[in-house]
Amino acid sequence: MEPKLEPIDVPLVSDYFQNPNPNFSLNVPVVDANAAVETQRSDGNNDRSEFNGNLDSIEENDDVEFTDPDALALVQVPEQQELANVESSYRRKHPPRSAELVRVTNLEIEDERYFRELVRKTRILYDSLRINVMLDDERRRSLMPRVRARSDMKVASLMRDSGLWLNQDKRIVGPIPGIHVGDVFCYRMELCVLGIHGQIQAGIDYLSMKMSSNGEPIATSVIVSGGYEDDEDSGDVIVYTGHGGQDKNSRQVVHQKLEGGNLGMERSMHHEVEVRVVRGFKYKGGAGDKIYVYDGIYKITEYWFEIGKSGFGVYKFKLVRMEGQPEMGSAILKFAESIQANPLEARPVGYVSLDISRNNEKVPVFLFNDIDDNHEPMGYDYQVTTIFPPFVYHNVNGHGGGCDCVDGCTLDCACAKKNGGKFAYDLNRHLLRGKPLVIECGLFCSCPPNCCNRVSQKGVRNKFEVFRSMETGWGVRSLDLIQAGSFICEYTGVVLTKGQAQLFTMNGEDSLVYPSRFGERWAEWGDFSQVYSDDVRPSYPSIPPLEFAIDVSKVRNVACYMSHSPCPNVFVQLVMYDHSNYAFPHLMLFAMENIPPLRELSLDYGAADEWTEKLAICN
DNA sequence: GCGCCTTCATAACG
DNA sequence: CCGTTATGAAGGCG
């Protein structure tokens, strides 16, 4: 009697995910453990045996024990084992990894949104905390050079201690809710935090044979990162090399064995368990050596053993990308690179303008429309920085004095004090924490232009394009990878006082943007309350309520075309630098997440109103 | 459960 | 800008 793969519904999912609206179910391939044990003594499928160093003997080698190839993946934890784990978890710092394999199915749109938001919040916390911890580490290193800075690991463990790692209670097979194809991560650790790939260094993540109730390891995800010379990657098809047999310099020095992750891959192939694929590679704009991109799920279709380039035997697994998934993230990243290299060759049709800023921005801003003949953005003058009324520049608050740090600013300078004793940015020009107001060094300061407290005033650094889309009308995307915390651009236009704005609207114009209506998303960037219970949100410097409006009817910049989203990837941070009237700050936009090239940028414009026709999108 | 081993990290150093 | 080295932590497994 052959056991069958039978999907079953597990009713406890809603509690596990604490989803307010759980209409989806988990689908779990399950087999009776006893059935597997009974069929375990098989007739010896010896092509899966361990290689003993002699090529000729591969075929005959039969002395390694294997479970029956027809035994299906066991996914239920035996009850005794579960109880034992509960017992021991009182002593352990961290509970053991889950032994339960589940596949998430039937996600409703509301569920998808819920998980996307959960992932977004988690990533925002990870990235903002990492930037802050990294700066602390750099300071400590300057005093004690021996200290090694691994903020990526430190933040992961802080978040783990606070129970903030996602998807730890189950091992998810296939897509992770809230993780989209094309999402980009700058640190491998983040994949652990989100539950995409649980191995901090190893390329194959698998349910261990100890956890698996039939003793078979089951692979669930791989990272293709160029660590093995025998890999071949053509995108939809990957020939992935198994692990093992390398020395500490990553040279293949002995034959690989069919065990651990390698066996897990073979078993996943057999049971038709799909694996997630994350690619790691060098990319301009990444934080460290590599970035990591989630590229979707693949099927393992065959595996074999062969002598690799080193002369030693390696296991190889052929992975084929499954149908019906969005375009590969890594392909989009490469396409963006080719656009940068030669825009017209990469996209022969669609360009309306190669720079709507007409050389006013340091980096050109493309206008791209390949769906209709609308050229509307060409009808506006491009404005790089906001035009304030002249009286704003009069020194009404008496805060005109800048710092006199000729050799660069330090933490005891006058401008640092204005910000509450800290500068707003790290050495990579990333915003440390969202605040009511950031005061950059400016016109009245003696510090050099490369002062670390001058970021947003220096303008756009990335290549943006305004593009036409079916869903959102006009939208904005970047050709560069934008790291979380990076400055994007100002939201510019002509500032009208409250009175002027009233006159303006009486004339029937509705092209005014009210800064006070933007959602206060800055508060999410650097909200550490989940990790440090005594953490207080920065409230200094405080500012009066914003009463002005921005007129974008004649002049505007790229920001004006950003779409609205309730789960935005860009937020508004108020900044001062060229005057000292706190009632009229600049609206500066920063990235809340790592934004991959060609993904639409979105802002929270506040409550839906007639002043914006932007449609809600949820990237 | 403890300790050992492996691991397609990472940054710093030369 | 390489290759190497030191550090590091999680998970598998004996």
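Residue numbering restarts at 1 for every chain, and letters A, B, ... go by the order of the sequence lines.
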Open item on the list: Check the phosphate of B:dA9 against A:Tyr292, side-chain N and O only, distance under 4.0 Å to OP1 or OP2. Yes or no?
Closed with: yes

Open item on the list: Once you apply a heavy-atom cut-off of 4.0 Å, does A:Gly280 come out as touching a base, just sugar-phosphate, or nothing?
Closed with: nothing

TODO: Determine whether more than 12 heavy atoms belonging to other residues, nucleotides or ligands lie under 6.0 Å from atom CD of A:Gln530.
DONE: no

- [ ] Describe the nucleic acid contact of A:Ser250 in one word from base, sugar-phosphate, nothing, applying a heavy-atom distance below 4.0 Å.
- [x] nothing

- [ ] By nearest nucleotide on DNA chain C, pick out whichever of A:Gly261 and A:Trp165 is the more 5' one.
- [x] A:Trp165

Task: Nearest-neighbour nucleotide for the A:Ala202 side chain, B:dT10, C:dG11, B:dT7 considered - done: B:dT7

TODO: Using a 4.0 Å heavy-atom cut-off across all strands, classify A:Phe281 as base, sugar-phosphate, or nothing.
DONE: nothing

Could you list the protein-to-nucleotides 11-13 of chain B atom pairs, N/O on both sides, closer than 3.5 Å?
residue : atom : partner  : partner atom : Å
B:dC13  : OP1  : A:Arg141 : NH2          : 3.4

Task: Distance test, side-chain N/O of A:Ser225 to OP1/OP2 of B:dA9, below 4.0 Å - done: yes

Task: C:dT5 phosphate, OP1 or OP2, under 4.0 Å from A:Lys248 side-chain N/O - done: no

Open item on the list: Using OP1 and OP2 only, check whether a side-chain N or O of A:Arg188 sits under 4.0 Å from B:dC8.
Closed with: no

TODO: Establish, with yes or no, whether the OP1 or OP2 oxygen of B:dT7 is under 4.0 angstrom from a side-chain nitrogen or oxygen of A:Tyr206.
DONE: no

Task: Given DNA chain C, 5'-ward residue of the pair A:Arg251 and A:Asp205, judged by closest heavy atom - done: A:Arg251

TODO: Would you tell me if any nitrogen or oxygen in the side chain of A:Arg160 comes within less than 4.0 Å of OP1 or OP2 on C:dG11?
DONE: yes

TODO: Give one of base, sugar-phosphate or nothing for A:Asp231, where a contact means two heavy atoms less than 4.0 Å apart.
DONE: base

Open item on the list: For a 4.5 angstrom cut-off between non-hydrogen side-chain atoms, does A:Tyr425 reach A:Ser456?
Closed with: yes

- [ ] Have a look at A:Arg130 and say if it touches a base, only the backbone sugar-phosphate, or nothing, with a 4.0 Å heavy-atom cut-off.
- [x] nothing

- [ ] May I ask you to say what A:Met189 touches in the nucleic acid, namely base, sugar-phosphate or nothing, with a heavy-atom cut-off under 4.0 Å?
- [x] nothing

Task: Any-strand Watson-Crick or G-U partner of B:dC8, both distances under 3.5 Å - done: none

TODO: State, with a plain yes or no, whether a side-chain heavy atom of A:Asp169 is found less than 4.5 Å away from one of A:Ser98.
DONE: no

Open item on the list: Between A:Ser208 and C:dG11, is there a contact of a side-chain N or O with OP1 or OP2 at under 4.0 Å?
Closed with: no

